[in-house]
Amino acid sequence: MATSGNKNINAKLVLLGDVGAGKSSLVLRFVKGQFVEFQESTIGAAFFSQTLAVNDATVKFEIWDTAGQERYHSLAPMYYRGAAAAIIVYDITNQGSFDRAKKWVQELQAQGNPNMVMALAGNKSDLLDSRKVAAEDAQTYAQENGLFFMETSAKSAANQRDCRECNQYRIQPGWFWTDLLKGLQARHVARRTWFLVQF
Amino acid sequence: MSDLSQHPLIDPSTFDLIVVGTGLPQSILAAAASASGKTVLHLDPNPYYGGHFATLPLHDLTSFLNSASAPLLPSPPLASYDNQDYVSVDLQTRSLYSDVEISSYAPEVLQEHARKFNIDLAGPRVLFCADKCIDAVLKVGVNQYLEFKSIDASYLWDQNGKLVNVPGSRAAIFKDKSLSLTEKNQLMRFFKLVQKHLDPAEDGESSKISQEDLDTPFSDFLNKLRLPQKMKSIILYAISMADSDQNDNDIGQNRLLTKEGIARLALYHTSIGRFQNAQGALLYPIYGQGELSQAFCRRAAVKGCLYVLRMPVVALLKDKSNEQYKGVRLASGQDIFSQQLVLDPCFIVPQLFKLSLESLQDVSSRDVNRKVARGICITKHSIVSDVKNCLLVYPPKTLFPEQVSSVRVLQIGGNLAVCPEDMFVIYISTLCDSANQGKEMVRAAMNSITLLFVSDCPDSSSVDQDTNAEGKDLDLLWSALYVQESSVGQFGTVSFTPMPDGSLNYDDLLNATFELFQKMYPNEELFPETTTAGDHQDDGEES
């Protein structure tokens, strides 16, 4: 859930998608501005955070990666709990990964917070020659289900800002991330009211 | 189950360790072994995490209890010699739950909010701010996945059928209006004595409690200090959490010794004020106790542990050459091999396997032959008005003369995300020697609680046990009663984790779990400090 106060908002963002769709790459690109050609299956990196400034507020995204628990469909409810946003990633060169992305959307609609902002990301758009999923099909599906949609390439940083600028500001989402932020603001994701014991 | 043969093959097929069941002890073992660089496969036959420690939606809890208590048809273990160098021996399971009674008084209301219930299977359970479990949570760094909330208040049911507030700190003792000045002084003197005894800076003989006193029963020591009965009960049952009647000389080893009592007081005392925003000594995780297993599993996954839910293990594989454990056969038909195996307590390993098992020396082993009777109520009313989360202890013989052990009650409100905002989940448990004895005690506590709903000022007026509580059924929406077997952890090439015990927190279970890890991996440090360092790849600090 996003927490607001002094215009600092904490928002949990979860990544979902098939093994190999490029979830971790997308996040690495987001938080570190780097791309690793042969990223190993996710081990050891499960929790990133990134702070973005939008207008007069800062949003600190707590980005949760699946830690490989999606491999045999064994994600815990803890993963979805309190998520303000989810990015469902598929590989545009793999029809199966798009079909499973739709399953993840269903699961989120069933399990997640109803105010959750969802975004569908067709990854690996640098590999146009091997495209198997038409952008129009995904766009239509996204519209029908109220998701943001875009195609991304963690490799070429298409739709993400110029990399020199990335390095300069350390953060740098393209309009995909900005849209996500606007979505969060527009939905007034409930302010957390519990008095929590955190250490 | 039918499509399990279609399940994708698990790759790789050889591991250092296979862990079956995702209860808290197994989850901590998986996380610890993964942190030590072992390759681990963690399996669970269920579609959810937590095993016997799970937190479940209402109808899943009902179906779990109904199916887990169903008598199993014993099938003779089959050994099939279909393989070159190993034999498979079918595993058997035993039923660890019995005497399940579930009543729903408002099915439509519950159905309407079905998604909002997160009910613990092994309640009542809490964490003390300074206990081993919180230490492990912090050391391993799983606190980033968890959120807790304080339990607002603790009460003791006294001999006269009144709720007595349990003062948690010196300040609370001073403020407590129900204590006389003399009682306050006595209590303060006692706490001072304990504090001096525990203070490492105090090394004079005079400041320490004598060894002779430390080895005597705690209740005798409290008598010696001439503490009034009320204070004694609070210290013994609501702070030290003693189970048996401490004034009964016949209970033998179940009498708490002074040194044990002092250690429990110290835990309570250091728990208060450990975290700035925690008010009392006790914590409860938001969304229920099952979150703890999930958090340790997630940590294990981050360290490389492979997770497969919905995957039963059907047989053990025995090496033909040395008669030793070699691996497991999954319900999908796949054979997976490992050096070591940790099994859920529901399994029985057939005699064909000559396992030499060593019981773990956890403190709870004194209660190993006892059962735990548990009860759950979902209500519209709080036990105490304006208090959402609280603990209530019925010391032995306060409900009825034959009540042999303390009955502990934990009420959790909707602000902990376990039920809708206007409802409460009330957990009850007690140790017992037989199912009937246990159920009688839990039922008596349930009756007492429902009478509290009727009384408007439970804090000030005494409650007549015989009051006719008409209309109480309107407050009680759902209830469950069941009896759970105990079992201690066992170590061998095939090891077993313990069942949830009758304690209020996890310390005894964690001692057994840590001991099991050390026996399995004598050369490895349990969660070495470095595990938390490489933890967040980017902690946001640099941004």
Side-chain angles (χ1 to χ4, degrees), chain A residues 1 3 8 10 12 19 24 27-28 30-34 40-53 58-82 110-114 169-172 192-199, chain B residues 7-8 10 22 34 42 44 47-50 55 115 118 129 134 137-138 141 143-150 274-279 283-284 286-287 290-291 293-295 297-311 415-417 534-543:
Chain A
M1 202 68 62
T3 327
N8 290 320
N10 277 335
K12 175 174 172 181
V19 173
S24 304
V27 169
L28 276 177
F30 177 37
V31 295
K32 294 202 165 167
Q34 56 181 229
E40 282 187 39
S41 272
T42 307
I43 292 176
F47 203 79
F48 300 90
S49 68
Q50 179 64 288
T51 308
L52 299 176
T58 51
V59 177
K60 185 181 174 192
F61 276 115
E62 289 172 7
I63 304 169
W64 288 48
D65 203 346
T66 54
Q69 283 177 299
E70 85 285 21
R71 194 162 151 203
Y72 298 102
H73 208 82
S74 302
L75 276 175
M78 162 178 280
Y79 192 69
Y80 312 103
R81 287 204 212 289
Q111 294 224 27
N113 152 28
Y169 295 106
R170 290 245 355 110
I171 39 167
Q172 329 3 344
R192 190 149 39 174
T193 50
W194 301 314
F195 178 65
L196 300 173
V197 179
Q198 286 177 308
F199 20 79
Chain B
H7 195 276
I10 291 168
T22 52
S34 305
H42 202 171
D44 198 301
Y48 51 83
Y49 282 91
T55 298
R115 274 187 62 187
N118 291 305
C129 291
I134 290 291
V137 160
L138 289 172
N143 53 309
Q144 61 184 327
Y145 312 139
L146 296 164
E147 289 166 322
F148 298 88
K149 205 172 178 300
S150 287
R274 181 176 188 193
F275 302 112
Q276 222 176 7
N277 49 1
Q279 298 141 354
L283 294 176
Y284 187 88
I286 290 179
Y287 299 112
E291 296 294 289
S293 302
Q294 293 179 39
C297 288
R298 179 167 166 79
R299 171 42 43 116
V302 167
K303 295 290 170 190
C305 179
L306 197 58
Y307 276 87
V308 188
L309 296 182
R310 302 174 198 83
M311 182 54 78
N415 61 342
L416 274 158
D535 184 20
H536 324 187
Q537 276 224 334
D538 180 348
D539 197 19
E541 259 114 34
E542 39 183 339
S543 55

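The sequence lines fix the lettering, A, B, ..., with proteins before strands; numbering per chain opens at 1.
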Return the minimal non-hydrogen interatomic distance between [X] and [Y], and the atom names on each side.
{"X": "Ala67(A)", "Y": "Val302(B)", "answer": "CB-CG2, 3.8 Å"}
{"X": "Tyr72(A)", "Y": "Ile10(B)", "answer": "OH-CA, 3.3 Å"}
{"X": "Leu306(B)", "Y": "Arg71(A)", "answer": "CD1-NH1, 3.5 Å"}

Which portion of Cys129(B) sits near chain A, non-hydrogen atoms under 4.5 angstrom: neither
Show your reasoning for whether side chain to side chain contact (heavy atoms under 4.5 Å, CB included) applies to Arg310(B) and His73(A). CA-CA 9 Å; Arg310(B) 302 174 198 83; His73(A) 208 82; 3.8 Å; yes
side-chain contact (heavy atoms from CB on, under 4.5 Å) with Ala295(B): which residues, sequence neighbours excluded? Met78(A), Val142(B), Tyr145(B), Leu146(B)
Any side-chain to backbone donor/acceptor pair from Arg298(B) onto Ala76(A)? Under 3.5 Å, distance only.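 Not a single qualifying donor-acceptor pair exists.
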May I ask you to establish whether Arg81(A) and Tyr287(B) are in a cation-pi arrangement, using a distance under 6.0 Å from NZ or CZ to the six-membered ring centre and at most 45° from the ring axis? yes
Sorted by chain and number, sequence neighbours left out, salt bridge (Lys or Arg N to Asp or Glu O under 4.0 Å) with Arg115(B) holds for none
Would Tyr49(B) and Gln69(A) count as having a side-chain donor-acceptor pair, cut-off 3.5 Å?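 Present: a donor and an acceptor within the cut-off.
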